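Okay, so here's the structure we're looking at.
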Amino acid sequence: MAETEDLNLAAMQKGSATLLVLALIEERARHGYEISTLIAERSGGRLQLQPASLYPLLYRLEAQELVAGRWVEKPGERRRRFYRLTPRGRRALEAHRRSWRELFLALDQVAQIGHA
């Protein structure tokens, strides 16, 4: 049973990655490592987005014009690509939020999950 739960959690986590990334860069421009770290920190370690998944996602979001990236170089630091939300990305984020709210409502209505 635990294996099935892990697989379902992994599928949910993968499906929520876009929402998580867009929401974090809504606050301000961030680089990939910071995004990954914040996801882990804010979820208490329950959610993690590894670089092998995060960077391809960021590249896809950039190709879809949901985010815009720019390279930033600071003396004594490695070059980093910072991503910011575009107006199109803001609309996509709101659509994702609506979809997740509807899903949570439906789950609660069926399974009586309630607030955590």
Side-chain angles (χ1 to χ4, degrees):
M1 181 73 171
E3 184 177 315
T4 303
E5 290 172 5
D6 289 344
L7 292 175
N8 291 337
L9 182 59
M12 289 176 65
Q13 182 176 338
K14 183 177 180 182
S16 64
T18 298
L19 171 67
L20 296 173
V21 170
L22 294 177
L24 286 173
I25 63 174
E26 177 185 36
E27 299 171 2
R28 66 177 174 82
R30 299 183 190 278
H31 56 81
Y33 179 76
E34 182 181 15
I35 293 168
S36 178
T37 300
L38 282 172
I39 289 170
E41 285 176 2
R42 291 186 182 182
S43 70
R46 289 181 293 275
L47 300 174
Q48 299 197 6
L49 197 53
Q50 301 301 322
S53 299
L54 175 60
Y55 289 101
L57 173 59
L58 286 168
Y59 302 148
R60 280 193 307 276
L61 295 174
E62 193 167 15
Q64 295 168 353
E65 299 179 353
L66 301 180
V67 303
R70 78 177 170 91
W71 289 105
V72 174
E73 294 187 47
K74 293 182 181 178
E77 292 183 15
R78 66 189 306 183
R79 183 173 78 140
R80 293 182 171 158
R81 189 160 181 84
F82 281 77
Y83 296 89
R84 67 171 175 76
L85 203 56
T86 65
R88 187 175 184 174
R90 213 168 283 288
R91 290 188 300 274
L93 174 58
E94 286 310 311
H96 279 281
R97 284 179 170 148
R98 276 192 306 276
S99 295
W100 279 94
R101 281 187 197 107
E102 290 173 10
L103 174 63
F104 294 151
L105 177 61
L107 289 171
D108 186 44
Q109 288 172 333
V110 173
Q112 300 177 354
I113 296 169
H115 295 285

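In this chain, numbering begins with 1 at the start of the sequence shown. Remember, it's a predicted structure, so these values are computed and weren't measured experimentally.
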Nearest-0.5 Å distance that lies between atom CZ in Arg28 and atom CZ in Arg30: 4.0 Å
Please report the C-alpha distance between Glu62 and Val67 in whole Å, then the side-chain angles of each, then the deciding distance to 0.1 Å, and finally whether the side-chain contact (heavy atoms from CB on, under 4.5 Å) criterion is met. CA-CA 5 Å; Glu62 193 167 15; Val67 303; 4.0 Å; yes
Is a salt bridge present between Glu94 and Arg91, judged by a nitrogen-to-oxygen distance below 4.0 Å? no
Non-hydrogen atoms of Val72 and Phe82 that approach each other most closely: CG2-CD1, 3.6 Å
Give the C-alpha distance, both sets of side-chain angles, the deciding distance and a yes or no for side-chain contact (heavy atoms from CB on, under 4.5 Å) between Leu20 and Leu49. CA-CA 10 Å; Leu20 296 173; Leu49 197 53; 5.9 Å; no
Between the side chain of Ser43 and the main-chain N/O of Ile39, is any donor-acceptor distance below 3.5 Å? yes
Using a 4.5 Å cut-off on heavy atoms from C-beta on, say whether the side chain of Leu105 contacts that of Glu102. no
So if you build clusters from Ile, Leu, Val, Met, Phe, Trp, Tyr with side-chain heavy-atom gaps below 4.5 Å, do Trp71 and Ile35 land together? no
At what distance, to the nearest 0.5 angstrom, does CG of Leu24 lie from CG of Leu93? 10.0 Å
Tell me the closest heavy-atom pair linking Pro51 and Pro56, and the distance in Å. O-CD, 3.7 Å
Report the C-alpha distance between Leu85 and Leu66 in whole Å, list the side-chain angles of each, state the deciding distance to 0.1 Å, and finish with yes or no for side-chain contact (heavy atoms from CB on, under 4.5 Å). CA-CA 6 Å; Leu85 203 56; Leu66 301 180; 5.7 Å; no
So for atom CD, which belongs to Glu27, do other residues, nucleotides or ligands contribute more than 12 heavy atoms lying within a distance under 6.0 Å? yes
Donor-acceptor pair, distance only, cut-off 3.5 Å: does the side chain of Glu65 make one with the backbone of Arg88? no
Does Arg81 reach the main-chain N or O of Gly69 with its side chain, forming a donor-acceptor pair under 3.5 Å? yes
What distance do Tyr83 atom OH and Leu61 atom CG have between them, rounded to the nearest 0.5 Å? 9.5 Å
To the nearest 0.5 Å, how far apart are OG1 in Thr86 and CG in Leu22? 8.5 Å
Indicate the ring-plane relationship of Tyr33 and His31, choosing parallel, tilted or perpendicular according to the 30° and 60° boundaries. parallel
Close side-chain approach of Glu34 and Thr37, heavy atoms under 4.5 Å: no
Gap between atom OG1 of Thr18 and atom CG of Leu58 - 0.5 Å precision: 9.5 Å
